[in-house]
Every structure is written in C-alpha cells, then in structure tokens.
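First up is the structure itself, then whatever we jot down about it.
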Amino acid sequence: MKRPNIIFIMADDHAAHAMSCYGSEINETPNLDRIADEGMVLENCFCVNSICAPSRAAILTGKHGHLNGIKTLSDRFDGRQQTFPKILQAAGYQTAIVGKWHLGEGGHSSPTGFDYWNVLPGQGDYVDPVMIKNGEEVQYKGYVTDIITDLSLKWLQERDPQQPFMLLCHHKSPHRPWIPSKAHASMYSDTDIPLPKTFNDDYSNRSQAAKEARMRIECDFNYIDLKLEPPTGVSEWTSIVPPEDLDGFSLKPAESDEAVTFSSHRELKEWMYQRYIKDYLRCIASIDDNVGRILNFLDTAGLAENTIVIYTSDQGFFLGDHGWYDKRFMYEESLRMPFVVRYPKEIEAGSRHNAMALNLDFASSFLDYAGLEIPEDMQGVSLRPIFRGETPADWRTSMYYRYWMHLAHHYVAAHYGMRTERYKLIHYYGEALGTAGSIDESKEPEWELFDLHADPDEMKNLYHDPVYKDLVQELKTELYRLKDEALDFE
Ligand code: CA
C-alpha cells in the first residue's frame, strides 16, 4: 500500500475555544473547520506541559520533558536523540520543517531529521523575519504566516513526487505580542468581542497559585502587547498597572492621535481585553487563510486523498478566561489543544472523538501510518484506532501533567496533576527543585480538586471538602501511579 503523506500544521498558543469547530463564540475559522468537516475533531487532546518548547519536544520525541531533556524554556534540545522525523527520514520519507522551531538554533539544537529546514530563530519576528535555512540566515520580506506558507508550498511543489513526504508547518502566530497582518489589521474594528463568562473571576475558592499569577488582563499587559505609546520615560516592556485613582487615567493607542480615558477599573479591563483579543483573533484569521491555501494546493495537486492533514497548537491559551491571558496552568483552557485531522482513506468526514489524546501520541501515530515499528521508549500510543472511530478497551482514562518552571514567568507556581474524564487533581508542590529557569522561592504546598462535570470552568476547589476525602485518596494513588509510569521520579 502507498504510504500516506503527512502535513502537520501547528500554531503557537491557539486555544481550541478560538476555533469555530470547537464552538468558539468569538471567531470563525472556515478553513480550519474544513479539516474538521472532512475529517475528525479530537474533543479531548491535551498537552503534558502547557508551554512552547516542552510541548514541541514532547511532540518530536513522544516523551515527557524529563526524558527528552526539555522540561523548561531554558533547556536545550539534544538533536542527537530519537525523533519521529528522523525515523521517517530513514524510512525514505522526504522531510521538512518550516517556521517555528524554538528548541535552540545553534550547534546541537538545530533541527535534525529534516532534508529541508527553514526556521525562525527563537521566537522570530512577525514582519520581515530572518529565518535559518539549513543553517544559513535568510532575510524575508512580508508577514510571517504568509511566508511560512509560501515556503511550505514551494517545498511541496519541488519535492520528488515518487516518494512520500512529511512536512511540519509551524506557525509563530498567534503568539504574543499578537501582531496582525495588514490584511487583517482592521478586522473587528467596529464590533466588540464577547467577554468569557469567567472574565471577572476573583479567584476565591482557588489556590494561592491562581490568585498570585501575574497574567491578568487588567494589569499584566505591557505597552508592546497592546500596541500603546508608553508615557515619557516608561519602557514599552513595562506592565501597565492601572493607578488606584482612575480619574483622568488614559492610554494612547499607537495608531491613533487620541488617548482613551477611563472612569472605572471595569471599563479599563474590558478595553484591554478588546485590544488584546482582537489582535489575537486577527492573527488567527491569517492562519486560517493560509491553511486554506495548503488545502487548495493539495486538491489541485491531487494529493488530498493520500495525505494526512493535521491542524493543532502547541498548547491552549487563556482568552480572558479567569481574567487571564497566557497558559502554563493545568486548567482546561491552557491544557487543551485544538486537534483536527483529515485523511479520507481512514477517517470519516465530520466525525468527533472524545477519547483522551496527548501530544505524546503524535510521534507514534505518524510511525504507525508509515507502517513503521513504534520504539518501545516512546511514551505515547498511536491515535490511529481513535481516528478510525474506535475506542480500544485499554485506552487511557487518565493523564499526567507537569509544569516545571516555578514562578519564572507570570509567577506561575510549578505543579503536577492528573485528569480523568470527570476529575482533575493538581498539586502545587511549592519548590523550584533546582529546575532550570525557575525562581528558588518556597511556597506553601497546596492542592486543587475539580469536578469537571459539575464545574467545567474550574471555579471551585473541592480538595478540602470532607465529602471528597475518599475520592482524593483514590485520585492521589492514580496520580502517583501515572507519575511513576511516566518515569518522573522528581
Ligand atoms: Ca506556545
């Protein structure tokens, strides 16, 4: 049988609830929905560490960060290790990665296992980005999402049509600071985006970790994030902390001649949300258009039937949910990855599956489709039966999560936890444990338990409720079983 081609398109920080096939109430994504309509939506796809580099390394290796070496943003990826692109390349696949790599650019951290790689250094730029093409710096002109798509299409056109291919098309967008293309710059300008229902969360009934996190819409953006003119003598990287007295407090949008003045915190917070979310959604609109270009190319080139097309994101994001932006926490908005897949030969059009899938599973899935053996040390399992609409009897019913970077960014405390279909147990263990990129400050350890059926928005921590005492014990036993199974002994 002819081996399938693979196109894996991954955005950076695109939350599932900003995709219409996941029921978004704030935007429409017709081209991403097209993959869903012609393929499958995974309802419960989760990352095992909700942050860029660790998720990317987990995807490439099929292993947790403590085994692949990338637990944090400060670790460097050892490109000598086993990855699925290397295995596919050795098996005769033409392999390429275009766009965001974010696992280091020099020495052993350059992409390995790719015939062609053309990646952004670090976070890369939204406009006129420099990229590293097979080791050589090249300056491009234009908007990054368009350029990544142009380069991907060019590689597809120039490939050897006799051999199967695997393309990783990794967008930088919609990562902070959310700079839209000119084409989408005025989208949503005469409309307001609805507020999420937990927008005014006051973090009562939650951990100190949630209360202390510095990712609040009302005060933790900086002037670059919101494209504002900083007052004289203030750096554009400074957080915009609203003053106690809002009388006469104003902010000046970079594109406007007039400052905006606020009369209440509520007004200010909602204004900041609109400013943020509109740019975020404009960035996604550009991705959506560009994914449409790839799908059209596959149609024109007669490749749609035999190509597995996936769209996902390295993790989720808070879109004003709980009054936040950013990710890191094991809470649903951040934990959940969007994941749509099309492969007409095996996947029923318009199907959805609620089995628990992990970013660890992607590597095994690709090897399975390529007819290759899945190495024993990969920690994920192939999603192929799930894509076929089956649910194997021994499919996982719980998953393990760990965020290592104690207090480093946005003051989010390190934690590990487990999720079942109904419950989530999180432990903030309160120590840096010598982890790279962490702040060595001890916190009182704390736990959270959520009943996702009764409380899908995770607004009420049930951990201290005596009614749940036995359940907590049961879930802790499972948490430590999962931790051991993941070979995480720290
Ligand atoms: Ca990310």
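All residue numbers in this chain count up from 1 along the given sequence. What you are looking at is a predicted structure, and each value in this text was computed from that prediction instead of being measured. Whatever order the structure lists them in is the order used to number ligands and atoms, beginning at 1.
In summary, Ser313 places no N/O/S atom under 3.0 Å from the Ca ion (ligand 1), failing the contact criterion. Here Cys52 reaches the Ca ion (ligand 1): one of its N/O/S atoms is less than 3.0 Å from the metal.
The atom of Asp314 nearest to the Ca ion (ligand 1) is OD2, with the search restricted to N, O or S atoms.
Centred on the Ca ion (ligand 1), the angle running from Asp13 (OD1) to Asp12 (OD1) is recorded as 80°, rounding to 10°.
Cation-pi geometry between Lys172 and Tyr126 is met: under 6.0 angstrom from the ring centre, within 45 degrees of the axis. For Lys269 and Phe199, the positive end sits near the middle of the six-membered ring, less than 6.0 Å away and at most 45° from its axis.
Aromatic ring pairs are classed by plane angle as parallel below 30°, tilted from 30° to 60° and perpendicular above 60°; the pair Tyr331 and His322 is tilted.
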Are Lys197 and Asp457 close enough, and set up right, to give a salt bridge (Lys or Arg N to Asp or Glu O under 4.0 Å), and what steps lead you there?
CA-CA 9 Å; Lys197 62 183 166 183; Asp457 298 321; 3.4 Å; yes
